[in-house]
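On a predicted model such as this, the values are computed, not experimentally measured, just so you know.
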Amino acid sequence: MKLFKPTLVALSLVAVMGCQQEAKKEEEKAVVLETEAQKQAYSLGAQLGDSMKQNLAQFKEMSVELDQAIILQGYQDGLAGKASIEKEEIRALLGNLEQTLMAKKQELDAAKAKAILEAGQKYLEENAKKEGVQVTESGIQYQVITEGTGEKPVATDTVKVHYVGTLITGEEFDSSVKRGQPSTFRLNQVIAGWTEGVQLMSVGSKFKFTIPAHLAYGERATHTIPANSVLNFEVELLEIVKPKEPIDVGE
């Protein structure tokens, strides 16, 4: 989440909002959008307005509510050179706001991570009881969907797989199947759960893996995966990619 900062863009938004408010009071008529410049001006205002709306909504989630009317008044007073608060104090107040937002965000993130960890532990306990689920010593849970007859890879092998990854909520976060293109990677260069799990598979196999957070991304959140997430993967091992032998060009 991007925390609010009093940038030129943010102030431009306030200006647009203030001008629109005053124009509405004075003229009560629709904005003319005929020329390219008029449409560009409107587009800038619409984009900035949406950005501010999202910022204010995020503040509210963190129990920080700012009065929009006061924001507008502050802008107008600043533009007129008659702000009620001195510049140094303004900088200090906005610095305090930034620190408050960061602290609130950390609190929310920690609470969310704790809840996800607890839900994951419960999910692992229940999933381990399902018929056909096997559990490795490290804690990886897996089910054999299709048993292949090919060889099994080792950690240093490069493999080609199709896979679908989902959170325990069922939300899909990645899929080579959806992309229509298998993924190829060296087995010891991915998350620990994959390195261990795929070595259990023979070429031609399809397994479902349930990987505890500590063998996935742990406390680190990614763009699509929250911190402490247990991950489900359906993996089909298509091939162990052998290194190309050097071409003998002779003497």
Dump the intermediate steps for side-chain contact (heavy atoms from CB on, under 4.5 Å) on Ile145 and Phe207, then the final yes or no. CA-CA 5 Å; Ile145 299 172; Phe207 282 21; 6.0 Å; no
Restricting to non-hydrogen atoms, name the atom on Ser84 and the atom on Asp77 that form the minimum distance, rounded to 0.1 Å. OG-OD2, 4.3 Å
Look at the side chain of Asp157 and the backbone N and O of Val154, then say whether any donor-acceptor pair between them is shorter than 3.5 Å. yes
Spacing of Leu56 atom CG and Leu66 atom CG [to the nearest 0.5 Å]: 6.5 Å
Taking the side chain as every heavy atom from C-beta outward, state whether Ile168 and Asn127 have any pair of such atoms under 4.5 Å apart. no
Does any N or O in the side chain of Thr222 come within less than 3.5 Å of the main-chain N or O of Ile225, such that one atom is a donor and the other an acceptor? yes
Exceeds 12 heavy-atom contacts within 6.0 angstrom, atom CD of Gln47: no
Distance check, rounded to the nearest 0.5 Å: Glu234 atom CD versus Gln143 atom CD? 9.0 Å
Closest heavy-atom contact between Ser229 and Ala216? O-CB, 4.4 Å
Any salt bridge linking Glu219 with Lys112? Criterion: basic side-chain nitrogen under 4.0 Å from a carboxylate oxygen. no
Heavy-atom side-chain contact between Ser176 and Pro182 under 4.5 Å: no
Applying side-chain contact (heavy atoms from CB on, under 4.5 Å), run through Val164 and Phe233 and close with a yes or a no. CA-CA 6 Å; Val164 177; Phe233 288 97; over 6 Å; no
Which distance, rounded to the nearest 0.5 Å, do you find between the CD1 of Ile211 and the CD of Gln141? 10.5 Å
Side-chain contact, heavy-atom cut-off 4.5 Å: Leu215 with Ser138? yes
Is Val177 reachable from Val190 through a run of I, L, V, M, F, W or Y residues, each pair having side-chain heavy atoms under 4.5 Å apart? no
Of all the heavy-atom pairs spanning Lys152 and Met201, show the shortest one and how long it is. CG-O, 3.2 Å
For the CZ atom of Phe173 and the OG1 atom of Thr166, what is their distance to the nearest 0.5 Å? 6.5 Å
Verdict with reasoning, Tyr163 to Asp174, per side-chain hydrogen bond (donor to acceptor under 3.5 Å, both in side chains): CA-CA 8 Å; Tyr163 68 91; Asp174 195 10; 2.6 Å; yes
Compare every heavy atom of Glu147 with every heavy atom of Ser202, then report the nearest pair and how far apart it is. OG-OE2, 4.1 Å
Side-chain (Glu126) to main-chain (Tyr123) donor-acceptor, under 3.5 angstrom: no
Presence of salt bridge, Glu172 and Lys178, under 4.0 angstrom: yes
Within-4.5 Å side-chain heavy-atom neighbours: Phe209 and Trp194: no
So which heavy atom on Gln38 is nearest to which on Thr35, and how close? OE1-N, 2.9 Å
Can you find a heavy atom in the side chain of Pro153 that is under 4.5 Å from one in the side chain of Val198? yes
Which pair of heavy atoms, one from His162 and one from Gln181, lies closest together, and at what distance? CE1-C, 3.7 Å
Any link between Ile116 and Leu108 through a network of hydrophobic side chains (Ile, Leu, Val, Met, Phe, Trp, Tyr) touching at under 4.5 Å? no
Consider only side-chain N and O atoms of Thr195 and Asn188, and report whether a donor and an acceptor are under 3.5 Å apart. no
Measure the spacing between CG of Asp109 and NZ of Lys105 and express it to the nearest 0.5 Å. 4.0 Å
Spell out, as yes or no, whether a donor-acceptor pair under 3.5 Å connects the side chain of Glu98 to the backbone of Leu94. no
Flag side-chain contact, heavy atom, 4.5 Å: Leu167 against Leu231: yes
Would you tell me whether Ser205 and Glu236 have side-chain atoms, one donor and one acceptor, within less than 3.5 Å of each other? no
How many angstroms lie between CD in Glu107 and CE in Met102, if you round to the nearest 0.5 Å? 12.5 Å
Would you check, one step at a time, whether the test side-chain contact (heavy atoms from CB on, under 4.5 Å) holds for Leu124 with Val230? CA-CA 8 Å; Leu124 288 168; Val230 171; 4.0 Å; yes
How about Tyr217 and Ile191: do any of their side-chain heavy atoms sit closer than 4.5 Å? yes
Any side-chain heavy atom of Leu238 within less than 4.5 Å of one from Val161? no
Run Val159 and Val241 through side-chain contact (heavy atoms from CB on, under 4.5 Å) and show every step you take. CA-CA 5 Å; Val159 297; Val241 181; over 6 Å; no
Test: Lys160 and Glu239 ion pair at under 4.0 Å: yes
